[in-house]
Number of protein chains: 2
Amino acid sequence: MQDNDPLPSTATAVGVSRYGRIAAQLQRKIVDGEWPPGAAIPAESTLATEFGTALGTIRQAIAVLVQEGLLERVQGKGTFVRNGLTGASMMRFFRFRADAGAPVVAIPRSEILSCRAVRLEKSIAALFGLDTGARGLAISRRRWLDDKPRLLESIWLPLPRCEPLQRLPKAEWGDLLYPLLASQCGITIHRAVDEVTFRTLDADQAELLELPDGHPCALVTRRAYDLQGNCAEYRLTQGDAYAFRYQADIR
Amino acid sequence: MQDNDPLPSTATAVGVSRYGRIAAQLQRKIVDGEWPPGAAIPAESTLATEFGTALGTIRQAIAVLVQEGLLERVQGKGTFVRNGLTGASMMRFFRFRADAGAPVVAIPRSEILSCRAVRLEKSIAALFGLDTGARGLAISRRRWLDDKPRLLESIWLPLPRCEPLQRLPKAEWGDLLYPLLASQCGITIHRAVDEVTFRTLDADQAELLELPDGHPCALVTRRAYDLQGNCAEYRLTQGDAYAFRYQADIR
DNA sequence: AAGTGGTCTAGACCACGTA
DNA sequence: ACGTGGTCTAGACCACTTT
């Protein structure tokens with residue numbers, strides 16, 4: 001019987017139970033990239049003999065990570081490491097295009113207005129777990145759908161980690177940030193917390209969105225977290241309030 | 001070994017598995033009121049002998065209902081039927097009071113502006129599973145916090161079921177609807193789906209909320225469901241858009 | 001046919017809450 | 001001390017997917 005280190009690692013609610021410790025060890029393998037996104041993890045029976053426990057215990061450990069959204073079980077095929085968020089989910093807050101009932105899943109085109117290294121505001125630095133005055137990347141984007149400007153985004157990223165993006169030519173950015181964070185910086189965004197409030201647009205913002213000055217807008221504030229649970233992005237997104245729609249399920 | 005009816009009953013995703021069927025049977029007991037909200041259900045071991053299955057199978061059945069939000073397990077004490085929603089959760093969408101960081105949990109005072117029987121709009125009747133032209137209860141409320149009007153609510157209820165409310169004097173309504181639905185009509189609200197959009201107030205609404213005409217407002221559309229999964233309430237809530245705040249967790 | 005996860009059994013001992 | 005749910009074992013057979 002091997003009975004390894006407790007390994008409280010990150011966010012996994014690890015009590016002292018066997019399956020909790022195993023779950024933490026499996027999570028470590030995912031976080032360290034030993035089991036990359038999309039890959040299948042060893043079969044339950046294999047893990048059971050490896051860890052020297054009963055099958056049911058391994059199943060319980062896997063259930064924890066499935067619940068956390070890190071793993072996905074597929075009957076008859078295996079258990080797979082989930083890919084991170086793509087970032088396309090931002091559109092779920094807005095209902096652009098004709099309300100033909102069809103949920104909009106199209107990815108809006110991204111136009112990078114600016115991208116430069118800055119000294120991070122105190123609160124953002126703290127969010128990233130950095131010291132006050134630490135450097136970060138500040139990105140400003142405008143996003144288009146159906147040849148109309150729809151969203152304005154201000155994005156902050158921690159700078160030692162996201163340095164590769166600084167040297168990347170704008171032409172190679174593409175329309176989605178998270179795949180870029182994965183390929184260039186090795187950061188997998190796995191969870192995000194969004195907060196929605198309402199504001200009005202100032203003159204500059206209104207002009208960029210081709211809306212009247214003072215027009216009401218929805219402001220979505222996003223904190224995105226990597227596999228280790230560290231915040232790796234702070235983002236403000238603004239769009240026409242009248243195009244805003246959000247659905248919440250309350251149990 | 002007893003192997004009772006399949007009992008697909010309501011929303012429980014009942015495949016053909018043993019624990020699925022047992023989950024459906026347990027749910028039936030809750031829905032029928034045999035196990036009322038707050039009560040403890042029999043111990044796992046008791047249920048296991050009653051159903052003639054292994055303990056683990058019962059545990060799996062209970063897990064399904066816990067996931068659905070119908071049951072709650074408490075270590076060392078037992079497994080309990082959860083109380084329905086209180087309705088106080090509407091306030092989680094708004095941040096009134098000074099932004100002292102403290103989440104507002106206070107229940108706003110309810111002022112009933114009107115309450116009368118009407119012919120339901122086609123779409124609402126369909127939502128309730130009633131024929132077009134069926135009757136319903138239409139309620140208009142204004143809700144106060146800190147001696148200021150904060151929210152306007154329009155509520156529709158299906159009428160054969162909610163008849164007791166029609167005869168109830170306004171003085172006895174109190175501030176929350178759902179406890180009233182439970183005590184007067186035997187309806188337990190167990191789940192709700194909210195949708196948030198953005199509007200502006202018309203003159204009448206603005207006056208009632210003591211805001212300027214045309215002021216931006218958030219509109220929350222709610223469909224509330226009872227234990228059987230039938231819709232038992234349709235509600236529109238409007239409040240100052242600049243006091244609106246909603247947080248969403250994306251995994 | 002072989003391998004995977006899904007279901008199920010019949011036990012055991014532990015941790016927690018209450019009396 | 002007792003009853004509850006929480007953890008764990010060492011098997012078994014089934015359903016699904018791929019070779």
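Reckoned from all heavy atoms, side chains included, excluding hydrogens, waters and symmetry mates. Sequence lines set the chain letters: A, B, ... in the order given, protein chains first and strands last, and positions in each chain run from 1.
- Near DNA chain C, meaning a heavy atom under 4.0 Å from it, residues 73-82 of chain B has B:Q75, B:G76, B:K77 in order of number.
- Place B:S45 and B:R59 on DNA chain D by their nearest nucleotides, and B:S45 ends up nearer the 5' end.
- Residue B:I41 contributes atom CD1, which lies 18 Å from atom P of D:dG3 at whole-angstrom precision.
- With values rounded to the nearest 0.5 angstrom, A:Q228 atom CD is found 4.5 Å from A:D226 atom CG.
- Of the listed nucleotides (D:dT4, C:dT7, D:dT7), C:dT7 has the atom at the smallest distance from the side chain of B:S17.
- Taking A:R191 as the reference, B:D249 meet the side chain to side chain donor-acceptor pair (under 3.5 Å) condition, with sequence neighbours excluded.
- You'll find that the side chain of A:A43 is closest to C:dT4, out of C:dT4, C:dA10, D:dT9.
- The aromatic rings of B:Y246 and B:F93 lie tilted to each other, with the angle between the two planes from 30° to 60°.
- When rounded to the nearest whole Å, the span between CG of A:L47 and P of C:dG5 equals 8 Å.
- From B:I250, atom CD1 reaches atom CG of A:D194 across 4.0 Å, with rounding to the nearest 0.5 Å.
- Note that the CG atom of A:L85 and the CG atom of A:L181 stand 11.5 Å from one another [nearest 0.5 Å].
- Atom CG of B:L55 is separated from atom C1' of C:dG11 by 10 Å (rounded to the nearest Å).
- For B:Y19, a side-chain nitrogen or oxygen approaches OP1 or OP2 of C:dT7 to under 4.0 Å.
- A straight line from CD of A:Q60 to P of C:dT7 spans 15 Å, rounded to a whole angstrom.
- Rounded to whole angstrom, the span from the CG atom of A:L71 across to the P atom of C:dG6 amounts to 12 Å.
- B:R251 places no side-chain N or O within 3.5 Å of a backbone atom of A:Q67 that could act as its donor or acceptor partner.
- An OP1 or OP2 oxygen of D:dC8 is reached within less than 4.0 angstrom by no side-chain nitrogen or oxygen of A:T53.
- Between A:I58 atom CD1 and C:dT7 atom P there is a gap of 18 Å when expressed in whole angstrom units.
- Taking CH2 of B:W35 as the start and CG of B:L70 as the end, the distance is 11.5 Å to the nearest 0.5 Å.
- One finds a side-chain N or O of A:T57 lying less than 4.0 angstrom from the OP1 or OP2 phosphate oxygen of D:dT9.
- The CD atom of B:E72 sits 14 Å away from the P atom of C:dG17 (whole-angstrom rounding).
- Rounded to an integer number of Å, the gap from CZ of A:R18 to C1' of C:dC14 is 14 Å.
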